[in-house]
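Just so we're on the same page: letters track the sequence lines, and every chain starts at 1.
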Amino acid sequence: MNSLVLYLLLLKATLTTFSGLASLPVLREDLVINRHALTDEQLNVAIVVTRSTPGPVGLYVESVGYFAGGIPGAIAGWAAMVTPALLIIPLIYYLGKRAQHPRAKGILQAVVLSSAGLLWAATIPIAKGAITDPMTFAIFLCSVLILATRKIESFWVIFAAAILQLAVVSFRMVLAL
Amino acid sequence: MHMRERFNEIPGTARQLFFNQSLVRFPQILISTDIGEAQALHGAIAAAVAVMVITGITIIRPHWQSATWPKLLLFVCGSFLLSAFYSVPPIRVLLAAACVGYFWPVKAIKV
């Protein structure tokens with residue numbers, strides 16, 4: 001995939017959403033559904049890679065860029081990730097106090113709330129590929145409960161899930177021998 | 001220096017590239033269903049789905065105070081339904097939300 005096109009697609013996703021994974025539905029629509037540059041599994045692995053390492057959640061855009069276009073794609077992802085951060089400086093200068101206007105706040109709130117709904121909608125097809133047996137379903141449920149009730153980094157939950165799954169599979173293999 | 005702190009010193013971008021290249025160089029981790037590594041990744045992916053679900057709650061949480069329940073339900077459930085059941089592209093959903101949001105301003109909280 002052309003790096004410039006990839007950059008513009010990733011930029012569209014990072015510019016129209018306001019937090020880390022909120023850009024996921026837009027990315028999925030463009031790269032998985034429309035252009036077939038990526039599979040749902042690759043998108044999921046990109047998130048696993050990002051959440052398994054320290055750093056901002058939005059960094060997954062770079063992994064997505066890598067899976068779609070190799071190293072030039074990763075550079076495009078990095079550029080798409082930092083462009084909104086650079087644009088915000090002139091934006092704050094020109095908009096200034098207008099950003100505090102109730103209508104501006106209303107637009108922002110509506111977009112942020114909608115991005116949560118879109119994120120859940122995008123999670124469904126990804127979950128279909130990821131939760132395939134009772135074990136992965138149990139891991140999913142336990143992870144949701146732990147993340148919702150405890151202040152724990154998602155890295156540890158993902159790491160523990162990987163170890164648990166590995167242990168169960170190894171145990172089954174030993175029993176089968 | 002603690003190992004995790006040392007790890008944090010490496011720029012996130014470089015870490016991402018390293019992990020992605022490792023996955024591409026050893027594709028059996030993704031493809032094979034027999035070996036343990038593949039199973040470990042399946043577990044990690046299931047947990048990542050949980051992270052996505054919780055991220056949705058994290059996005060909504062700051063607005064529990066300022067947004068009324070009808071507003072919260074309309075935007076969250078509306079965008080979910082439009083995207084999941086009517087396959088409306090996310091950008092259109094966000095644009096529609098922005099238009100509705102313009103006519104539904106946030107009321108200033110009295111201190």
Under 4.5 Å between side-chain heavy atoms, counting indirect links through other Ile/Leu/Val/Met/Phe/Trp/Tyr residues: same cluster for [X] and [Y] or not?
X        : Y         : answer
Trp69(B) : Val112(A) : yes
Leu43(A) : Tyr7(A)   : no
Tyr86(B) : Val32(A)  : yes
Ile91(B) : Phe85(B)  : yes
Leu8(A)  : Leu10(A)  : no

> Using non-hydrogen atoms only, which part of Val53(B) is less than 4.5 Å away from chain A: side chain, backbone, both, or neither?
Replying inline: both
>> Is Leu74(B) in contact with chain A via its backbone, its side chain, both, or neither, using a 4.5 Å heavy-atom distance?
In response: neither
Gap separating the [atom1] atom of [X] from the [atom2] atom of [Y], nearest 0.5 angstrom:
X         : Y         : atom1 : atom2 : answer
Asn44(A)  : Ile45(B)  : CG    : CD1   : 5.0 Å
Gln109(A) : Ile60(B)  : CD    : CD1   : 11.0 Å
Leu147(A) : Thr55(B)  : CG    : OG1   : 8.5 Å
Ser83(B)  : Leu118(A) : OG    : CG    : 5.0 Å
Ile54(B)  : Ile146(A) : CD1   : CD1   : 10.5 Å
Ile107(A) : Cys99(B)  : CD1   : SG    : 8.0 Å

> Taking every heavy-atom pair that is under 4.5 Å apart, which of Glu29(A), Lys105(A), Met135(A) has the most such pairs with chain B?
Replying inline: Glu29(A)
> When heavy-atom pairs shorter than 4.5 Å are enumerated against chain B, which of Ala122(A), Ala148(A), Ala116(A) gives the highest number?
Replying inline: Ala116(A)
Taking all atoms of both residues into account, what is the closest heavy-atom pair of [X] and [Y], and its distance?
X         : Y         : answer
Ile126(A) : Met52(B)  : CG2-CE, 3.9 Å
Leu94(B)  : Ser114(A) : CD2-CB, 4.2 Å
Ala48(B)  : Ile47(A)  : CB-CG2, 4.3 Å

>> At a 4.5 Å cut-off on heavy atoms, which part of Ile33(A) comes close to chain B: side chain, backbone, both, or neither?
In response: neither
> Is chain B contacted by the side chain of Ile131(A), its backbone, both, or neither, given a heavy-atom distance below 4.5 Å?
Replying inline: side chain
>> What I'd like to find out is whether the side chain of Val76(B) reaches to under 4.5 Å of the side chain of Trp120(A), using heavy atoms alone.
In response: yes
> Given side chains that start at C-beta, do those of Val51(B) and Val157(A) come closer than 4.5 Å, heavy atoms only?
Replying inline: no
>> Keeping Arg103(A) on the side-chain end and Tyr102(B) on the backbone end, is there a donor-acceptor pair under 3.5 Å?
In response: yes
> Is it true that a side-chain atom of Ser143(A) and a backbone atom of Ala47(B) form a donor plus acceptor pair closer than 3.5 Å?
Replying inline: no
>> If you count heavy-atom pairs within less than 4.5 Å of chain A, which of Pro90(B), Cys77(B), Ala46(B) leads?
In response: Pro90(B)
